[in-house]
Amino acid sequence: MVEHSENCVQWVPVGVYLGIVLPAMIGFGLTGSPLLVVFAMPSVVALVLAVISRRRRTIFGDMGIRRAPVASLAASALAPVAVTAAGVGVVIACGLGRLPTQWLLPIGAWHVLGGLRQGLFEEFGWRGFLQPRLTTLLGAHAAVLWTGLAWAVFHFGLIIGGGTPGGVPLWMYLPVFTLTLVAVSVFAGYLRLVTGSVWPAVVLHAAANIAGGYADQVVVSLSHPAVAQMLGDAAGLLVWLTLAVWAWPRLSFPLREDRRIYA
């Protein structure tokens, strides 16, 4: 009876977090113009709940704000670049797009800062706060899947309200988008688990936004933008699924006590 009561208590911050973050973003997203503060809600709400519910750990440790190995940060930055390159390559190979003559165009500082901003705004919530608590309650495998699903749903209002890229039908785009974010969550969740740090997830998220946004600006559409978008997304999904399949069995290996992220 006591164990059941403690388990219910552990679900409270998870329920509060999802109950605030998801409806807020979906609601504002449906208007097509969510406020910047709404994008920041995953990290803001997570920080407030961490302050309220922390026990023996510091807030920084609870959120995974600690040094990460250089190798994990490099993998986090390179993975989205490989995904973007695969998508662009497929689109060009199929004759649906091309690179401009001067394809190495400069990346604006605002574009880079925008990508970093989203990584910071979201990852302290998803991988910093939610994943560790779901890991305690459900185990590592279920935690990365449910975190990825919640992360995808967080964007649904924005996609529905703002329109899909390339005019892809919503019923086609949402399943691919959702599966992609769940696959990304498996790989990012693995890095979070083995390093005990949220920074690899922040770098991965930022690199994905920067690389994807850069490709959207550089690739010149020749015909059928919706088909090109879906082919590029499918190629990227295949890469993420490959990384997720690689990471999946590694979510179970024994961790050193100082590397555990359980809340």
Side-chain angles (χ1 to χ4, degrees), residues 11 13-15 17-26 29 39 41-43 45-46 63-64 72 75-76 79-80 82-84 87 115 118-160 164 172-209 211-212 233-252 261-263:
W11 274 104
V14 173
Y17 174 81
L18 294 176
I20 295 175
V21 170
L22 295 186
M25 184 61 180
I26 291 173
F39 278 112
M41 284 194 72
S43 292
V45 174
M63 301 286 287
S72 68
S76 300
V83 168
T84 302
Q118 289 310 112
L120 292 169
F121 277 2
E122 294 191 35
E123 289 307 321
F124 290 144
W126 302 122
R127 252 61 61 178
F129 178 86
L130 183 62
Q131 181 187 333
R133 284 158 178 76
L134 289 179
T135 299
T136 300
L137 293 163
L138 304 173
H141 291 91
V144 296
L145 295 179
W146 284 109
T147 299
L149 182 60
W151 185 28
V153 172
F154 175 77
H155 294 85
F156 279 7
L158 186 63
I159 295 171
I160 296 171
T164 59
M172 292 179 62
Y173 184 77
L174 277 184
V176 174
F177 175 83
T178 301
L179 186 55
T180 297
L181 260 60
V182 171
V184 175
S185 182
V186 173
F187 183 65
Y190 160 77
L191 293 174
R192 169 71 167 104
L193 187 69
V194 298
T195 64
S197 173
V198 74
W199 292 117
V202 171
V203 170
L204 186 149
H205 195 143
N209 285 358
D233 288 349
L237 173 58
L238 183 60
V239 178
W240 283 122
L241 285 174
T242 301
L243 293 172
V245 168
W246 174 86
W248 184 259
R250 292 167 172 79
L251 291 169
S252 299
I261 63 170
Y262 306 141

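Separation of atoms CD1 (Ile20) and CE (Met25) is listed at 15.5 Å; rounding is to 0.5 Å. Atom NE2 of His141 is separated from atom CG of Leu251 by 4.5 Å, given to the nearest 0.5 angstrom. Atoms CG and CD, from Leu204 and Glu123 in turn, are 7.5 Å apart once rounded to the nearest 0.5 Å. Rounding to the nearest 0.5 Å gives a distance of 10.5 Å between CH2 of Trp126 and CG of Leu134. Interatomic distance, Leu138 CG to Leu145 CG, rounded to the nearest 0.5 Å: 10.0 Å. We find the CG-CZ distance between Leu158 and Phe39 to be 5.0 Å, quoted to the nearest 0.5 Å.
Not counting sequence neighbours, the partners of Trp151 by the side-chain hydrogen bond (donor to acceptor under 3.5 Å, both in side chains) test are Glu122. Remark: Ser43 pairs with no residue by the side-chain hydrogen bond (donor to acceptor under 3.5 Å, both in side chains) rule, at least two apart or across chains.
Of all heavy-atom pairs spanning Arg192 and Gly128, the tightest one is NH2-O, 3.4 Å. Heavy-atom minimum distance, Gln118 versus Asn209: CB-ND2, 3.2 Å. Between Arg133 and Val14, the shortest heavy-atom contact is CB-CG2, 3.8 Å. Scanning all heavy atoms of the two residues, the minimum distance from Ser76 to Pro80 falls at O-CD, 2.9 Å. Among all heavy-atom pairs drawn from Gly212 and Thr84, the shortest one is N-OG1, 3.8 Å. Contact detail for Ser185 and Gly148: the closest heavy-atom pair is OG-N, 3.2 Å.
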Exercise for the section: Show the numbers, then the answer: is there a side-chain contact (heavy atoms from CB on, under 4.5 Å) between Leu149 and Trp146? Expected result: CA-CA 5 Å; Leu149 182 60; Trp146 284 109; 3.5 Å; yes
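Note: Trp240 and Phe187 have tilted aromatic rings, judged against thresholds of 30 and 60 degrees for the angle between ring planes.
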Give every donor-acceptor pair under 3.5 Å between a side-chain atom in residues 173-183 and any protein atom, sequence neighbours left out.
unit_1, atom_1, unit_2, atom_2, d
Thr178, OG1, Leu174, O, 2.8
Thr180, OG1, Val176, O, 2.7

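Trp246 is not listed as a side-chain neighbour of Leu241, based on a closest heavy-atom distance of 4.5 Å or more.
Considering Val186, Val194, Leu193 as possible partners of Tyr190, the one that fulfils the side chain to side chain contact (heavy atoms under 4.5 Å, CB included) test is Val194.
Taking the ring centroids of Trp199 and Phe124, they lie under the 6.0 Å cut-off.
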